[in-house]
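One structure is given below, encoded as structure tokens.
The model shown is predicted, which means the values in this text are computed figures rather than measured ones. Each chain gets a letter, A, B and so on, in the order the sequences are listed, and its residues count up from 1.
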Amino acid sequence: MTSPERYNAPVTEAKWRAAWDDADLFRVDNDDPRPKYYVLEMFPYPSGRIHMGHVRNYTMGDVVARYRRAKGFNVLHPMGWDAFGMPAENAAMQNNIHPAKWTYENIAAMRKQLKSMGLSLDWSREFATCDVAYYEQQQHLFLDFLKAGLVTRKTSKVNWDPVDHTVLANEQVIDGRGWRSGALVEQRELSQWFFAITDYAQDLLEALDGLDRWPDKVRLMQRNWIGRSEGLRMRFALTNQGPGGEGDLEVFTTRPDTIFGASFMAVAAGHPLAKAVAATKPDVAAFIEECQRMGTSAAVIETAEKKGIETGLRVAHPFDDTRTLPVYVANFILMDYGTGAIFGCPAHDQRDLDFARKYGLPVTAVVRPRDADDDFSVAADAFTEDGVIFNSAFLNGLSVPDAKEAVAARLETRDLGGAPQAERKVNYRLRDWGISRQRYWGCPIPVVHCEACGIVPVPVADLPVKLPEDVSFDVPGNPLDRHPTWSKVDCPSCGAPARRETDTMDTFVDSSWYFARFTAPDAAGPIDREAMAAWLPVDQYIGGVEHAILHLLYSRFFMRAVAKVGYGDRSEPFAGLFTQGMVTHESYADEHGKWVALEDVVVKDGMHVHAKTGGPLTVGPVVAMSKTKRNGVDPDEIIGQYGADTARWFMLSDTPPERDIEWTDAGADAAHRFVQRVWRLLCDTAERIQAGGGSGDGMALRKITHKSVRDIENDIESLHFNRAVARVYAWSNDLQRALQDEATPAAALQESAEAMIACFAPMMPHLAEEAWQLIGKEGFVAAAPWPEVDEALLVEDAITLPVQVNGKKRAEITVAKDAANDDIERAVLALEDVQRFLNGAPPRKVIVVPQRIVNVVA
RNA sequence: GCGAGAGUGGCGGAAUUGGUAGACGCAGACGACUCAAAAUCGUCCGCCGAAAGGCUUGGGGGUUCGAGUCCCCCCUCUCGCACCA
């Protein structure tokens, strides 16, 4: 039984969504003359169902979109699907369903769910990255990049799963085994395609400074990821002959100042020198073998001992003819950083010290703290700070930076084998982006391998290179590879039989330019210059912090690459970035420690028990909703039961958006109660307005109204949605009070109700439409302008100041806003509560902070 | 190990960036309405105390008329990176 006033969210919401659709309210026109605003949430992977994380993410974006629209902007707010990737192939293997069918069915299901949230999206621009129309354009971009020298082909070491016949990402290797097959992963050298992101390392680094609307955390993470370090590339002459003993050994160092403390050289297991020595030294070969078997996981590295083996080679010390240094192969040297070789200075590098202690190598300190003297030495800990150089011939007495400079200056002018012995060099941790994947469900790389011509790009006119549909997943490996005909083509250059590339692109490529494609989703080429110039950068991008590095860095690279090949000016893709927190929930485990799904959990006499077995459950930690913990709440159920506005309101309430939010039934109930309460309040208000009357001037309510509008707009603009929500609560309390006051005139009530509806419309859009109609407004509140704030109503003419004595609040005083400090002081000292604490003595000091506070120092 | 962030009532969290700590919500208590329950409405709600008053923002110092906010030293938790020479 429902009372007539009860707001029926599911029915009302569907009605308004249909009305928005009919009016085509959220379609955006590129030619619109109003100022643009591009708001985008990271597009979803079509897993099949939306989860609460999506609800939170898209609600935040929608609040921004609706707010900016009300503020007079032409708002682009599109949606699409990050649709290529492994899960579709896994589904194909497990359930014998074609990846395309699986993906498009999932998209249909999720589109329906997203639509039930009432998001103000321009669905006319929707696309999926697996649409031929999209990946065709991506192939076009690839060819553009190839022509511009931004794509290279090199061999690189990859994690190879010998059972699934595929390359695995590092994240997919767990304890040295494939995450799916469980097979021991092999390191293989494969020829792979790379995007030359390192060409832009310096630019990507420098431009971070300009991204002032990005979280500092993300900028820092990218800075560290790019990992710039300045140093010296220096060569050491090999002094003994024999296999690998000719020429010199090049190292990269950031500490040339410690050269006199060098006691050994070390090269990576993959270093050419190591390989050359291994050819004649079985023990070295065996050691290299062992290094390659060593896992790359964090746990392995942390506990791994520093190990090495002598090659028998030695190098000359550049500044001391009497010394030569032994060359080791060592397990802690990375082949793909610097030159894959170092000189070891144990006294001033912890790793080198550990290594030297193990192999009994000399440890000579050459930098000492400023307050130490020349018998300074290191024991268990290397000394890595700045200090004074000693034990170092011509460097003695210099500071670390000065010594670095002195060594560089000497060596770069000295000849070794016809070239300078050293060269100043900036090194980056960032590596080129390997995009080859041995998988079916991705964008085919549009090249052909011809025996005569080598690598031949597919001509643009021949695009798209479409994925074949007749593929099977009954055996592991890449279906494209074993397809009977697909890879057999004629060479576009010479016409001879050739082989099509069967690798597909990393799905991060798909997501590196989708935001640009949204600006002109039907453009004939990949990117419409004008549309992109008009819309980019994205004004507000919202998504999970897990993409802080890869997706966001790749996208920044892509904008630069796209500019280079002529699609526009170089620009950052995302001017404003916001990373929202996760949605968490309590988790529950049964007596066997197995996770129990939420629908099987009931509370009985204050205890959590299993709904079916009745067995006791332990309440586990509050953690992110996940399949494994079985603690996910289904958005469909919430929306079906309470309506989308309740789910949206909950997501915005209480918890700051960057933090994790805990979903609770009590919280959802509270959000729903407010939906009902504000509806009743507005019904009552509408009734009062109809009745008319009210003898007062309504100024108190009018001030609240205008102050609230101003506060809420500030909160939304700074993305402090939880504060905006709190203000709506407070405002509704105030309106209720004003309603009970018979003196409040109808006009002030009408103004307040209208403004309040407009202010919560971005957050609870359906309820807002219904209420808008209720109070007699024409048209959609979704299309209505944001309420104007009357600045005059924001200033108070009388002000209540707290009065402190010795920093403790003892009284209050109400004075005119512009009262003189002297007058305030006199009035304050006359207060009985102040007198009491002064004991008749004159105050030592009175501090009057205008419009803030008064403090009397006794 | 390195880097970043956070510690405020029973809980989520506010506090114009040095100016009334605890807004707003949840939970809780009492009351009204009801045959009853739900829903709703009203009052109370940091701690100690009968009150006056005192205490209170992880702990300890400091600067200041005044500190959740600034400085120094600790403690705890979360996240990111991880042999980067």
Inset, instruction - Give a yes/no answer on whether the side chain of A:Asn427 brings an N or O atom under 4.0 Å of OP1 or OP2 in B:C84. - result: no
Legend entry - Watson-Crick/G-U partner (both atom distances under 3.5 Å) of B:G68: none
Inset, instruction - Any strand is fair game: report the nucleotide pairing with B:A36 by Watson-Crick or G-U wobble, both distances under 3.5 Å, or none. - result: none
Inset, instruction - Please state whether the phosphate of B:A85, meaning OP1 or OP2, lies under 4.0 angstrom from any side-chain nitrogen or oxygen of A:Ser229. - result: yes
Inset, instruction - For A:Gln740, look at atom CD and say whether over 12 heavy atoms of other residues, nucleotides or ligands are found less than 6.0 Å away. - result: yes
Inset, instruction - Could you let me know what B:U20 is paired to, Watson-Crick or G-U wobble, both distances under 3.5 Å, or none if it's on its own? - result: none
Inset, instruction - Would you mind calling B:G28 syn or anti? Take O4'-C1'-N9-C4 for purines or O4'-C1'-N1-C2 for pyrimidines, and syn is within 90° of 0. - result: anti
Inset, instruction - Look at the side chain of A:His706 and the backbone N and O of A:Glu791, then say whether any donor-acceptor pair between them is shorter than 3.5 Å. - result: no
Legend entry - Under-3.5 Å donor-acceptor pair between A:Lys217 side chain and B:C79 base: no
Legend entry - B:C26 - base-pair partner by Watson-Crick or wobble geometry, distances under 3.5 Å: B:G10
Inset, instruction - Taking only the side-chain nitrogens and oxygens of A:Arg429, find out if one of them lies under 4.0 Å from OP1 or OP2 of B:C2. - result: no
Inset, instruction - Provide, to the nearest angstrom, the distance between the NZ atom belonging to A:Lys845 and the C1' atom belonging to B:G19. - result: 15 Å
Legend entry - A:Asp654 CG to B:U8 C1', straight-line distance once rounded to whole Å: 16 Å
Legend entry - A:Trp679 CH2 to B:U40 P, straight-line distance once rounded to whole Å: 17 Å
Inset, instruction - Using atom CH2 of A:Trp225 as one end and atom P of B:G3 as the other, report the distance to the nearest whole Å. - result: 19 Å
Legend entry - Between B:A67 (C1') and A:Lys808 (NZ): distance, integer Å: 13 Å
Legend entry - Closest listed nucleotide, where the reference is the side chain of A:Leu220 and the choices are B:A85, B:A4, B:G13: B:A4
Inset, instruction - Establish, with yes or no, whether the OP1 or OP2 oxygen of B:A82 is under 4.0 angstrom from a side-chain nitrogen or oxygen of A:Asn224. - result: no
Inset, instruction - Flag the pair A:Phe508 / A:Trp433 as yes when their ring centroid distance falls below 6.0 Å, and as no otherwise. - result: no
Inset, instruction - Check A:Phe650, A:Trp679, A:Tyr642 against A:His672 for a ring-ring contact (aromatic ring centres under 6.0 Å, His included) and give me the one that passes. - result: A:Tyr642
Inset, instruction - With heavy atoms under 4.0 Å as the rule, sort A:Glu662 into base, sugar-phosphate or nothing. - result: nothing
Legend entry - Carboxylate-amine/guanidinium proximity below 4.0 Å for A:Lys707 and A:Asp734: no
Inset, instruction - Look at all strands and tell whether A:Leu801 reaches a base, only sugar-phosphate, or nothing, counting heavy atoms closer than 4.0 Å. - result: nothing
Legend entry - Identified pairing partner of B:A4, criterion: Watson-Crick or G-U wobble below 3.5 Å: B:U78
Inset, instruction - Calculate the interatomic distance between A:Phe252 atom CZ and B:C84 atom C1'; express it in whole Å. - result: 9 Å
Inset, instruction - Kindly say whether the aromatic ring centers of A:Tyr328 and A:Phe355 come within a distance under 6.0 Å. - result: yes
Legend entry - Base paired to B:A50 (Watson-Crick or G-U; both N/O distances under 3.5 angstrom): none
Inset, instruction - Could you tell me the separation between the CG atom of A:Asn733 and the P atom of B:C24, rounded to a whole number of Å? - result: 7 Å
Inset, instruction - Run the ring-centre check on A:Phe260 versus A:His317 and record whether the distance is less than 6.0 Å. - result: yes
Inset, instruction - Report yes if a side-chain nitrogen or oxygen of A:Arg673 is closer than 4.0 Å to either non-bridging phosphate oxygen (OP1 or OP2) of B:G25; otherwise report no. - result: no
Legend entry - Upstream residue (5' side of RNA chain B) when A:Lys809 and A:Arg677 are each assigned their closest nucleotide: A:Lys809
Inset, instruction - May I ask you to evaluate whether A:Arg680 reaches the phosphate of B:C41, defined as a side-chain N or O under 4.0 Å from OP1 or OP2? - result: yes
Legend entry - Earlier contact from the 5' end, RNA chain B, for A:Asp352 and A:Arg810: A:Arg810
Inset, instruction - Select base, sugar-phosphate, or nothing to describe what A:Ser653 touches, counting heavy atoms under 4.0 Å on all strands. - result: nothing
Inset, instruction - Quickly work out the A:Tyr729 OH to B:A14 C1' distance and round it to whole Å. - result: 15 Å
